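Below: one structure, written as structure tokens.
One is the number of the first residue; the rest follow in order along the sequence. It should be emphasised that the depicted structure is a prediction, and the values quoted were computed from it without experimental measurement.
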Amino acid sequence: MSSRTLAYDLRSRVPGLAAGAALLIGILDIVRGLVPSLRASRIGEIASVLPGAVTTLAETASLLVGILLIMLAHALRRRKARAWRAVVVLLPVDAVLEGLHRHPVAASVSLLLWVVLLAGRGEFYALSDPRSRWRALWNLLVLGAFDIVIGWILVAAHHRTVAGDPGFGDQVWHVVLGLVGLEGPVVFTSERTGDLVYFSLAGLGALTAVTTIYLALRPERPVAALDEDDERRLRALLDRYGRQDSLGYFALRRDKSVIFSPSGKAAVAYRVVAGVMLASGDPIGDPEAWPGAIRRFLEEARRHAWVPAVIGCGETSGEVWAREGGLDALEIGDEAVVDVAGFTLEGRARRNVRQMVRRVERLGYTCRARRTGDLSEAERRRIADLADRWRGTETERGFSMALGRFGDPADAGCLVVTAHRATSEGEEAPGGDIQAVLHFVPWGADGISLDLMRRDREADPGLNELLIVRALQAAPDFGVTRVSLNFAMFRSALARGERLGAGPVLRAWRGVLVFLSRWFQIESLYRFNAKFRPSWEPRFLLYPAARDLPRIGIAALRAEAFLTPLRLRWGLLRRRRPAPVPRLLPGAVVGGDSGPETRRTA
């Protein structure tokens, strides 16, 4: 290894080492704060040597400083420039304080780390949210003023237990010092009152410090928006390369951002959620230009300390992501793709679907398939209103497998299949007899990809099967040879787990999925798709490291609108009847018992 390579390797380790040191110091400070008997023990001696031990300014503030150091460690590990600036300022101060307390070893270690951080300045390049700087300042000023007022009221309320007669200035100074964990000039004759005031002030100070640091160091959260120029360029790529990925058209969601390759021949659509830069589907465009778009995506993630992740990509693009970004892959399910030419209702395998379709038709249901551009304005509004009414949830879900709109003039090439049953009150209005709707987006020139499946809750069971069958039968009239249906989460595990000879681990995993199907339609969605004898195309999740999976999972659920404040509060306490859901995540029944009604999203 050359000296230049060795130096680069050492510099690249600086953020991790600095973060580890801050984390260790924080843990030791917390232990000392919680267990006073350890302050004179060997752990206390270690903590006094490590840099940062004197930044507590007092032993009583070790718990607060420990929390702050742990937060700072996280920011350092993510290479935050603001965290680096904060540490570079604090370390010389720490060294001076160590010297004043006659701890030359700790002072030397602080200065040594300061030099190392200065030498590794280039490794701390991650940007924070530029808006959060002012939010952090306002948070500090407003909460600080609030803390001082509340603290003064607290001290004044216990004036009967105060020794002597401290003035207003002494009381305010006592509050200010108490907010940073120090004893002030006010002395209480009651030990219980003194502890109450001290811990109350320290708690207020901790709350202010933690929220301020969080705001100052949190990653940027840009507002995802697809402008007109980006949409025009994406549509041009889809016109030429759209048949490569059934999810390609969903890159046109207007609440996504897009990043192009240097040549402009490929692009990656994404959204930043909870510090995760979440891409969806395969890159759009020329496969030879995919690496350029992926590298730009990863560079953008590094600049902002975002965790890069890809949800719902195919096997080919997954290999490119893994090669270019060093990402690991996890198979999360399979996409059901039906070959129109090979579809038939004949044969024993299609008996269930055939009988269901015939029964629903005898009840008076008929279907119509049209391009969205061929609908009248009144019909488009009617279908959109009905889809919203049948959604079953206040939040419109979708990200990776949903378009998020219906009837836009730019989407004239989409295909809509409606189920009708004449009713006395609905015959006069255009579309007034509509009982269910399927909406497909283009998949190249000869394919369509399911976006929306909704129906009236009062409609008869079997209507979903009728809609899909009629869509497949009408497909050749529109030049469509392949149809992508719903996504089956962990389909292969369910299929292999029920086979003869499946091992105990696979059977146990299948049992967990079946249990979760009580809340999320995992198994039933797989079995519904299987009725149409599709080919199964695997889809993958790409992630940097296993430790990032929980964060990526939460970001994906938030992107799909599965996690909202209301759901976080009540979702685990009540078992609700599921609403229409995205296709990449488990589906949910909306009405009837003949199949899922889903948004095809993730």
Say whether, by atom type as modelled, one donor and one acceptor occur between the side chain of [X] and the main chain of [Y] under 3.5 angstrom.
| X | Y | value |
| --- | --- | --- |
| S449 | S246 | yes |
| R253 | A402 | yes |
| R271 | K256 | no |
| D282 | G314 | yes |
| T418 | I434 | no |

Can a salt bridge be assigned to the pair [X] and [Y] using a cut-off of 4.0 Å between side-chain N and carboxylate O?
| X | Y | answer |
| --- | --- | --- |
| R323 | E319 | no |
| R382 | D433 | no |
| R232 | D229 | yes |
| R421 | D456 | no |

Heavy-atom closest pair, residues [X] and [Y]:
| X | Y | result |
| --- | --- | --- |
| W321 | L542 | CB-CG, 4.0 Å |
| A555 | V273 | CB-O, 3.5 Å |
| W536 | A336 | CZ3-CB, 3.7 Å |
| A474 | A369 | CB-CB, 3.9 Å |
| G312 | I332 | N-CD1, 4.2 Å |
| I552 | P308 | CD1-O, 4.5 Å |

Student check: side-chain heavy atoms of [X] and [Y] closer than 4.5 Å:
| X | Y | answer |
| --- | --- | --- |
| F528 | I468 | yes |
| S535 | R482 | no |
| L403 | D408 | no |
| I383 | L386 | no |
| E537 | S484 | no |
| Q435 | L463 | yes |
| W443 | I448 | no |
| F532 | V483 | no |

What donor-acceptor contacts under 3.5 angstrom involve side-chain atoms of residues 284-299, with partners at least two apart or in another chain?
from	atom 1	to	atom 2	distance (Å)
D286	OD1	E288	N	3.1
W290	NE1	P283	O	3.4
W290	NE1	G285	O	3.2
R295	NH1	E324	OE1	2.9
R296	NH1	F260	O	3.3

- What is the ring orientation for H304 with W306, classed by angle as parallel under 30°, tilted 30 to 60°, or perpendicular over 60°? parallel
- Task: Would you please name every residue forming a side-chain hydrogen bond (donor to acceptor under 3.5 Å, both in side chains) with R235, sequence neighbours left out?
- Result: E231, Y249, D411
- Test R381 against E377 for salt bridge (charged side-chain N to carboxylate O under 4.0 Å, His left out), laying out the working first. CA-CA 6 Å; R381 286 199 303 266; E377 182 63 27; 3.6 Å; yes
- Message: Determine whether D255 and R405 satisfy the following criterion, salt bridge (charged side-chain N to carboxylate O under 4.0 Å, His left out), listing intermediate values before the conclusion.
- Response: CA-CA 11 Å; D255 57 358; R405 60 180 183 267; over 6 Å; no
- Residues, nucleotides or ligands: over 12 heavy atoms within 6.0 Å of E228 CD: no
- Test side-chain contact (heavy atoms from CB on, under 4.5 Å) applied to S400 and V310, I311, L278, the passing residue: I311
Only pairs under 3.5 Å count here: list side-chain donor-acceptor contacts from residues 353-360, not counting sequence neighbours, and write none if there are none.
from	atom 1	to	atom 2	distance (Å)
R354	NH1	L345	O	2.5
R354	NH1	G347	O	3.1
R359	NH2	P461	O	2.7

